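Numbers for residues simply follow the sequence, beginning at 1. Quick note: numbers below take in every heavy atom, side chains included, and nothing from hydrogens, waters or symmetry partners. Everything quoted here is computed from the prediction, not taken from an experiment.
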Amino acid sequence: FGAWVLGSVQDEAPAAPVLPAALNAANKVVLDPSITKGADIYYTLDGTAPTSASTKYTEPVTIASTKTFKAVAIKDSTSSEVVSKSYTAA
């Protein structure tokens, strides 16, 4: 599926990851990869925008203090919007 642009197919951007409102009881950020429909999720904890060179999300991420978690979904060189949330460990 794609949008037609000037006679060619343009890849649609994947859906952005959905960040949880809060950390779980173990101070982890838990994402649902099915939302991004096959796109890989990459994230950062240092406030920078994530890219395909950032850490790939493969399991829940532990937050040990206060961190800004930023994530992006990337599929076939097409990126979703970057989503961001600040979390503080209990």
Side-chain angles (χ1 to χ4, degrees):
F1 294 88
W4 285 96
V5 178
L6 299 175
S8 63
V9 175
Q10 177 182 339
D11 291 332
E12 290 183 20
V18 174
L19 301 182
L23 299 173
N24 71 7
N27 289 323
K28 294 180 185 268
V29 175
V30 180
L31 303 180
D32 179 0
S34 68
I35 291 172
T36 62
K37 297 185 168 105
D40 291 323
I41 300 171
Y42 296 89
Y43 69 92
T44 62
L45 296 173
D46 63 3
T48 60
T51 67
S52 60
S54 300
T55 304
K56 185 176 177 180
Y57 180 86
T58 58
E59 62 186 7
V61 178
T62 301
I63 303 294
S65 58
T66 299
K67 297 285 184 181
T68 298
F69 186 94
K70 291 189 176 189
V72 66
I74 301 174
K75 184 174 184 180
D76 300 328
S77 300
T78 304
S79 301
S80 70
E81 66 179 298
V82 173
V83 291
S84 176
K85 181 149 181 60
S86 181
Y87 295 104
T88 300

Inset, instruction - Decide whether Val82 and Ile41 are clustered together by the hydrophobic rule: side chain heavy atoms of Ile, Leu, Val, Met, Phe, Trp, Tyr closer than 4.5 Å, transitively. - result: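 As far as the 4.5 Å side-chain criterion goes, Ile41 and Val82 are not connected within one cluster.
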
Taking atom [atom1] of [X] and atom [atom2] of [Y], what is their separation to the nearest 0.5 Å?
X     : Y     : atom1 : atom2 : answer
Ile74 : Tyr42 : CD1   : OH    : 6.0 Å
Ser54 : Asp46 : OG    : CG    : 8.0 Å
Leu19 : Ser84 : CG    : OG    : 7.5 Å

Where [X] and [Y] come nearest, the two heavy atoms and their spacing:
X     : Y     : result
Val83 : Ala16 : CG1-CB, 3.9 Å
Lys75 : Lys37 : NZ-O, 3.5 Å
Val72 : Ser79 : CG2-CB, 4.0 Å
Pro14 : Ser80 : O-CB, 3.1 Å

Just distance, no hydrogens or angles: give the donor-acceptor pairs under 3.5 Å from side chains in residues 20-34, sequence neighbours left out.
from, atom 1, to, atom 2, distance (Å)
Asn24, OD1, Ala26, N, 2.9
Asn24, OD1, Asn27, N, 3.3
Asn24, OD1, Lys28, N, 3.0
Asn27, OD1, Ala90, N, 3.0
Lys28, NZ, Thr62, OG1, 3.0
Asp32, OD1, Ser34, N, 3.1
Asp32, OD1, Ser34, OG, 2.6
Asp32, OD2, Ser34, OG, 3.2

Inset, instruction - Just jot down the side-chain hydrogen bond (donor to acceptor under 3.5 Å, both in side chains) partners of Thr55, sequence neighbours excluded, or say none. - result: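 Thr55 satisfies side-chain hydrogen bond (donor to acceptor under 3.5 Å, both in side chains) with no residue once adjacent residues are dropped.
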
Inset, instruction - May I have the step-by-step check of side-chain contact (heavy atoms from CB on, under 4.5 Å) for Val18 and Thr36, ending in yes or no? - result: CA-CA 9 Å; Val18 174; Thr36 62; over 6 Å; no

Inset, instruction - Determine yes or no for a side-chain-to-main-chain donor-acceptor pair under 3.5 angstrom, with Asp76 supplying the side chain and Thr78 the backbone. - result: no

Legend entry - Lys85 atom NZ: more than 12 heavy-atom contacts under 6.0 Å: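 Counting other residues, nucleotides and ligands, NZ of Lys85 exceeds 12 neighbours.
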
Would you mind writing out the side-chain donor-acceptor pairs for residues 63-70 within the sub-3.5 Å range, not counting sequence neighbours?
from, atom 1, to, atom 2, distance (Å)
Thr66, OG1, Thr88, OG1, 3.0
Lys70, NZ, Gly47, O, 3.0

